[in-house]
Amino acid sequence: MPITNPFANIGFEDFCRWARDPACSKYQRIGFPDEYRQGREPAIFADIRGKLTLLDARGKQVLDVGPGSSDLPVLLIDHCAAHEHQLHLVDGAEMLAHLPDRAAVHKLAAQFPNCASFIRDHQQQFDVILCYSVLHYAFVEVPFFRFIDSLLALLAAGGQLLLGDIPNNSKRKRFFASAAGTRFHQQFMNTDAKPTVDFNCIEHDQLDDAVVVSLVQRARAAGFDAYVVPQHPSLPMANRREDILIVRP
């Protein structure tokens, strides 16, 4: 059974192992307790569509890096079929096996960006790229800027890339240091105690404001438009996560 903390020592091989484990729910396979995702993924997909507006066009080339195998990639598969998109999915073979096979769905079993031929053969070909709730794992497991630069290289002119569901530790601290965050913590944990928040300290392997801003700066320096955008307040972790939207002009 996966641990319920999605930040603690989880890597690509863990997801492959959970995908093989019949005791894991489809949400646990992707590192979440059921209550964080069950019944919530249509709202998450609606938020994604609001940012990746080209998903509602027709006949586009779409890439999802690390789709997992919950309801969310199925929603994307169905949406792409209805809009005549070609959809490419890159993830572990064990995870991809849980997703439906369709004529316009192309599966690549790989840990991105360790798929050099795919990246070489698809330079500037994708109109839409989604990488949702993946960045914090890539941050500690693969060459991080090569991960980002490889995604940018795949984006077509006018294309949209969403680095979604980024757990920004700085944003999390600001929230839990607030009155609203204290109330949230006390209600969720069923306690009268206040959350412990430590500022100005080194925290290894955590994404924070410095990393988020550096990604925006790197994309802009490479000729892309890049923006930090909030999640819709209805999303389960909107109070401590955010997204980055990148567009190739």
Side-chain angles (χ1 to χ4, degrees), residues 6-7 10 12 15 26-27 29-32 36-37 40-56 60-80 85 87-91 95 99 111-113 126-142 144 147-152 154-155 159-172 175 206-209 211-216 218-219 224-248:
F7 307 104
I10 294 177
F12 183 77
F15 290 111
K26 56 187 171 183
Y27 310 111
R29 285 197 300 257
I30 61 171
F32 286 101
Y36 277 49
R37 283 295 187 96
R40 296 174 177 264
E41 294 196 337
I44 294 173
F45 188 58
D47 188 59
I48 291 170
R49 285 177 59 193
K51 294 162 183 169
L52 294 176
T53 55
L54 288 176
L55 281 175
D56 288 338
K60 299 298 183 181
Q61 294 289 328
V62 180
L63 170 65
D64 189 345
V65 173
S69 59
S70 61
D71 302 321
L72 190 59
V74 177
L75 290 168
L76 179 62
I77 289 169
D78 290 343
H79 184 86
C80 286
H85 300 323
L87 174 61
H88 291 252
L89 305 172
V90 180
D91 209 328
M95 201 69 76
L99 298 178
Q111 181 185 19
F112 195 90
F126 290 103
D127 304 292
V128 177
I129 301 176
L130 175 62
C131 185
Y132 200 84
S133 203
V134 170
L135 202 63
H136 45 304
Y137 304 120
F139 183 62
V140 298
E141 195 169 19
V142 299
F144 187 58
F147 183 93
I148 299 301
D149 295 344
S150 297
L151 290 173
L152 296 178
L154 295 171
L155 198 60
Q160 301 168 329
L161 160 63
L162 185 66
L163 302 171
D165 207 36
I166 300 169
N168 183 340
N169 200 38
S170 302
K171 178 178 174 66
R172 182 182 185 277
F175 174 65
Q206 297 290 319
L207 295 170
D208 58 12
D209 282 343
V211 177
V212 170
V213 171
S214 73
L215 292 180
V216 171
R218 188 173 184 86
F224 298 78
D225 294 324
Y227 315 90
V228 180
V229 290
Q231 295 187 343
H232 192 276
S234 66
L235 269 58
M237 304 182 78
N239 52 23
R240 51 208 187 276
R241 295 195 176 195
E242 57 194 349
D243 301 343
I244 296 176
L245 177 65
I246 300 174
V247 179
R248 185 190 286 271

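Along the sequence shown, residues carry numbers from 1. These values consider heavy atoms only, across backbone and side chains, with no hydrogens, waters or symmetry-generated copies. All values reported here derive from a predicted model rather than from experimental measurement.
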Side-chain heavy-atom pair [X], [Y] within 4.5 angstrom cut-off:
X	Y	answer
L215	L135	yes
M95	P73	no
N168	L207	no
R241	P167	yes
N169	V211	no
L155	F224	yes
M237	F32	yes
I48	L72	yes

SB check D149 R218 (cutoff 4.0 Å):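 Yes, this pair counts.
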Shortest non-hydrogen separation from [X] to [Y] and the atoms involved:
X	Y	result
L235	A43	CD1-O, 3.8 Å
R37	I30	NH1-CD1, 3.6 Å
A226	I246	CB-CG1, 4.0 Å
V228	E242	CG1-OE1, 3.4 Å
D64	P67	OD2-CB, 3.4 Å
E41	S70	OE2-OG, 2.9 Å

At what distance, to the nearest 0.5 angstrom, does [atom1] of [X] lie from [atom2] of [Y]?
X	Y	atom1	atom2	result
C131	L63	SG	CG	8.5 Å
Y132	L76	OH	CG	12.5 Å
I10	F15	CD1	CZ	5.0 Å
L87	F126	CG	CZ	9.0 Å
L130	K51	CG	NZ	11.0 Å
L54	K60	CG	NZ	5.5 Å

Check: [X] side chain, [Y] main-chain N or O, donor-acceptor pair, under 3.5 Å:
X	Y	value
H232	S234	yes
E141	F12	yes
D91	G68	yes
D243	D165	yes
R29	S69	yes

Within the 3.5 Å criterion, strictly below it, is a donor on D71 or Y27 matched to an acceptor on the partner's side chain?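 There is such a pair (donor and acceptor under 3.5 Å, judged by atom type) between the side chains of D71 and Y27.
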Please tell me whether D47 and Q231 have a donor and an acceptor in their side chains that are separated by less than 3.5 angstrom.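 There is no such pair (donor and acceptor under 3.5 Å, judged by atom type) between the side chains of D47 and Q231.
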Carefully, step by step, assess V62 and D127 under the rule side-chain contact (heavy atoms from CB on, under 4.5 Å). CA-CA 6 Å; V62 180; D127 304 292; over 6 Å; no
Parallel, tilted or perpendicular, judged at 30° and 60°: which one describes the rings of F45 and H79?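 It falls in the perpendicular class, over 60°.
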How about F147 and F112: are their ring centres within less than 6.0 Å of each other?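 Yes: the rings meet the under 6.0 Å criterion.
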Residue from V247, L151, V65 passing side-chain contact (heavy atoms from CB on, under 4.5 Å) with L161: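 Of the listed options, the one satisfying the test is L151.
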